[in-house]
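Reviewing the structure listed below.
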Amino acid sequence: AQSVTQLDSHVSVSEGTPVLLRCNYSSSYSPSLFWYVQHPNKGLQLLLKYTSAATLVKGINGFEAEFKKSETSFHLTKPSAHMSDAAEYFCVVTAMNTGFQKLVFGTGTRLLVSP
Amino acid sequence: DAGVIQSPRHEVTEMGQEVTLRCKPISGHNSLFWYRQTMMRGLELLIYFNNNVPIDDSGMPEDRFSAKMPNASFSTLKIQPSEPRDSAVYFCASTERGGLTDTQYFGPGTRLTVL
């Protein structure tokens, strides 16, 4: 079965320092992978997605992620955190279940950014 | 574009009452998704429609939940009778095409509290 694991429930960084949010997946086929961000009291917004093209994917707001098949990882990075990046981030993988393709969401990582 | 519109934004009701949540997808989008988000279970896909037809409702928790999409611009999620464990934030999302790899545009959510 396909699944996604976000290794950290909380990550704290200082403004201006790099961000690393970790995501590992398991899949029996070539999955598509996404990162979504959720700001407080808002719906989710797509940051970036990997769909079997270039393994280094650039998204909005300076975020990027690299698909590493050998490590089954899709970690999200940003060179320099901004206060507005404080939010919850979800790693998502496509999965097959009972003949239907589904999206499987990770449990989320809350990013805290201090001045 | 106004984005995905959900109403009401907040709903407080008593156990046993019927609750109806509403969603208007982005104009021109032909797929619509209903999600539930709780602290315990994270984000769960309940059901999704493609061209107004339910494609996968395997995430609907039980018969008390039902969803309809009578036309391309409107969908409802109904809970009858409601129970305290249904308390959650319910999100609606839409995509331009039918594939799960499409970008999902989320509404702001409806926070449901069942007393």
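Worth saying up front: this structure is predicted, and the values here are computed from it rather than measured. Below, read A as the first sequence line, B as the second, and so on, with proteins coming before strands; counting in each chain starts at 1. These values consider heavy atoms only, across backbone and side chains, with no hydrogens, waters or symmetry-generated copies.
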Is it the case that over 12 heavy atoms from other parts of the model lie below 6.0 angstrom from the [atom1] atom of [X]?
X: A:E64; atom1: CD; result: yes
X: B:Y90; atom1: OH; result: yes
X: B:E14; atom1: CD; result: no

Quiz prompt | Proximity breakdown for A:T107 and chain B, heavy-atom pairs closer than 4.5 Å | solution =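 Neither part.
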Self-check item: A:K49 versus chain B, the contacting section by heavy-atom distance below 4.5 Å
Solution: side chain
At what distance, to the nearest 0.5 angstrom, does [atom1] of [X] lie from [atom2] of [Y]?
X: A:L46; Y: B:T95; atom1: CG; atom2: OG1; answer: 12.0 Å
X: B:Y105; Y: A:Q45; atom1: OH; atom2: CD; answer: 9.5 Å
X: A:F105; Y: B:Q37; atom1: CZ; atom2: CD; answer: 9.5 Å

Show the nearest heavy-atom pair for residues [X] and [Y], with the distance to one decimal.
X: A:L103; Y: B:Y35; result: CD1-OH, 3.7 Å
X: B:F91; Y: A:Q38; result: CZ-NE2, 3.2 Å
X: B:R111; Y: A:N41; result: NH2-OD1, 4.0 Å
X: B:Q104; Y: A:Y36; result: N-OH, 3.1 Å

Please tell me whether [X] and [Y] are part of a single hydrophobic cluster in this structure, the criterion being side-chain heavy atoms less than 4.5 Å apart.
X: A:L21; Y: A:M83; result: yes
X: B:F33; Y: B:L46; result: no
X: A:V11; Y: A:L48; result: yes
X: A:V19; Y: A:V113; result: yes

Self-check item: Non-hydrogen side-chain atoms of A:V92 and B:L43 separated by less than 4.5 Å
Solution: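 Not touching, per the 4.5 Å side-chain cut-off.
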